[in-house]
Amino acid sequence: MQSQKKYPQLFSFEFYPPKTEEGAVSLQQVHGKLAKLNPDFFSVTFGAGGSTRDKTFDTVIDIQEKGIAAAPHLSCVASTKDNIRTILKNYQDNGIAKIVALRGDLPSGMMSAGEFRYANELVEFIRQETGDYFQIHVAAYPEVHPQSTNAAEDFKNFKRKVDAGANAAITQYFYNAEAYFYFVDACEKNGITIPVIPGIMPITQYTQLFRFSEMCGADIPRWMKKRLESFGDDKESVQAFGLDVVSNLCQRLLDNGAPGLHFYTMNQAAPTLAILGSLK
């Protein structure tokens, strides 16, 4: 973990673009509460195949205008070089200087990946088009990407993104700290010393968590799964247990030198604030 200890421990928060007016009003309130913590940035997700492109752009600009850096997600699947070039210019024109560069998912029914196949190609293209203007974050998978054939190949894919010009990485969420420590150790052995920021998913609802984890390949340890199942519909017990488990995970990560934490907020402030409030 020596490579990570040289970086300041900063917090960042992820939102998804609201789909309704009510959602937009609610997100502004959530943003206001989390902004008081002076995070490094807020990131905003990008739907499959760019399906939320305009909403992502509007949300990012709104956040940036409130005085804290915004980092839009940019996925390259089903995209062309021309439309990525246009998006990059629009962000530059609006003073956006951070990007989370991802491969992304193909929209349902779409067969072609477009002009980019992998995230490293997107990172390379951003560097070719804009030089060092953007600080580029990429995804990392301590528990291996769900579509990877094996861990070794998955790590090679990660290294390609770093070699293409990534400045930092944000991990998929996990509940086993050893997975993160082992991943960082592998990075150091391969000469990768960029910040690898742990992604943190608060636990507020078991069925939703289980569904997300199935899709993205995040492992819920058996003991956790059994405890969560035992609470049934008792939301308060689920949330109290989740707060305890995730707070302990975050404390251990920070104590061992992780360069901050990136929270998948699900557009809610309270769970993230509770976790951060419990840290020493």
Side-chain angles (χ1 to χ4, degrees), residues 1-5 7-16 39-46 71 73-75 98-105 118-120 123 135-148 151-162 164 166-190 192-203 209 212-221 224 245-266 272 275-276:
M1 293 288 291
Q2 289 305 313
S3 64
Q4 303 302 299
K5 291 178 181 177
Y7 298 109
Q9 292 185 322
L10 303 171
F11 300 123
S12 52
F13 306 115
E14 183 170 301
F15 299 142
Y16 57 82
D40 187 34
F41 62 89
F42 289 100
S43 70
V44 182
T45 63
F46 197 70
H73 286 206
L74 184 57
S75 64
K98 295 177 186 285
I99 277 183
V100 181
L102 307 163
R103 190 197 69 170
D105 300 315
Y118 305 110
N120 65 290
V123 174
Q135 183 183 39
I136 302 174
H137 288 66
V138 294
Y141 293 85
E143 295 178 327
V144 184
H145 191 284
Q147 294 172 1
S148 255
E153 190 56 41
D154 189 51
F155 190 83
K156 285 179 188 174
N157 290 336
F158 175 69
K159 191 172 188 304
R160 288 186 190 104
K161 292 186 283 191
V162 176
N167 299 105
I170 299 169
T171 77
Q172 179 57 270
Y173 70 86
F174 56 87
Y175 297 105
N176 180 358
E178 303 306 327
Y180 173 78
F181 298 143
Y182 189 85
F183 183 82
V184 170
D185 187 50
C187 287
E188 291 175 349
K189 288 175 180 173
N190 285 273
I192 297 171
T193 60
I194 64 170
V196 179
I197 306 158
I200 303 298
M201 177 69 86
I203 298 172
L209 177 69
F212 282 164
S213 300
E214 285 278 289
M215 287 191 300
C216 69
D219 182 55
I220 304 176
M224 274 182 60
V245 166
V246 179
S247 297
N248 286 337
L249 172 67
C250 291
Q251 192 69 62
R252 189 173 174 210
L253 292 167
L254 293 173
D255 288 347
N256 280 277
L261 303 167
H262 179 81
F263 286 87
Y264 299 108
T265 70
M266 303 305 294
T272 295
I275 293 165
L276 288 173

Tell me whether the centres of the aromatic rings in Phe212 and Tyr173 are closer together than 6.0 Å.
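No: the rings miss the under 6.0 Å criterion.
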Phe183 ring center within less than 6.0 Å of Phe155 ring center:
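When the ring centroids of Phe155 and Phe183 are compared, they turn out to be within the sub-6.0 Å range.
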Can you see which heavy atom on Leu102 is nearest to which on Ala119, and at what distance?
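Nearest pair, atom of Leu102 first, then Ala119: C-CB, 3.9 Å.
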Determine the minimum heavy-atom distance between Ser43 and Val100, stating which atoms define it.
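Of all heavy-atom pairs spanning Ser43 and Val100, the closest is CB-CG2, 4.3 Å.
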When you measure from the side chain of [X] to the backbone N and O of [Y], does any donor-acceptor pair fall under 3.5 Å?
X	Y	answer
Lys161	Ala166	no
Glu188	Ser3	yes
Gln172	Pro142	no
Ser213	Asp219	no

In a check of side chain to side chain contact (heavy atoms under 4.5 Å, CB included) between Glu14 and each of Ile170, Thr265, Thr45, Ile200, which one passes?
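Exactly one candidate clears the test, Thr45.
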Rounded to the nearest 0.5 Å, what separation is found between the NE2 atom of His145 and the CG atom of Asn157?
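So the NE2 of His145 and the CG of Asn157 are separated by 9.0 Å.
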Do the non-hydrogen side-chain atoms of Asn256 and Tyr180 ever get within less than 4.5 Å of each other?
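Counting from C-beta outward, Asn256 and Tyr180 never come under 4.5 Å.
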Is the number of heavy atoms from other residues, nucleotides or ligands under 6.0 Å of Tyr118 OH greater than 12?
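For Tyr118, atom OH is not crowded (no more than 12 foreign heavy atoms under 6.0 Å).
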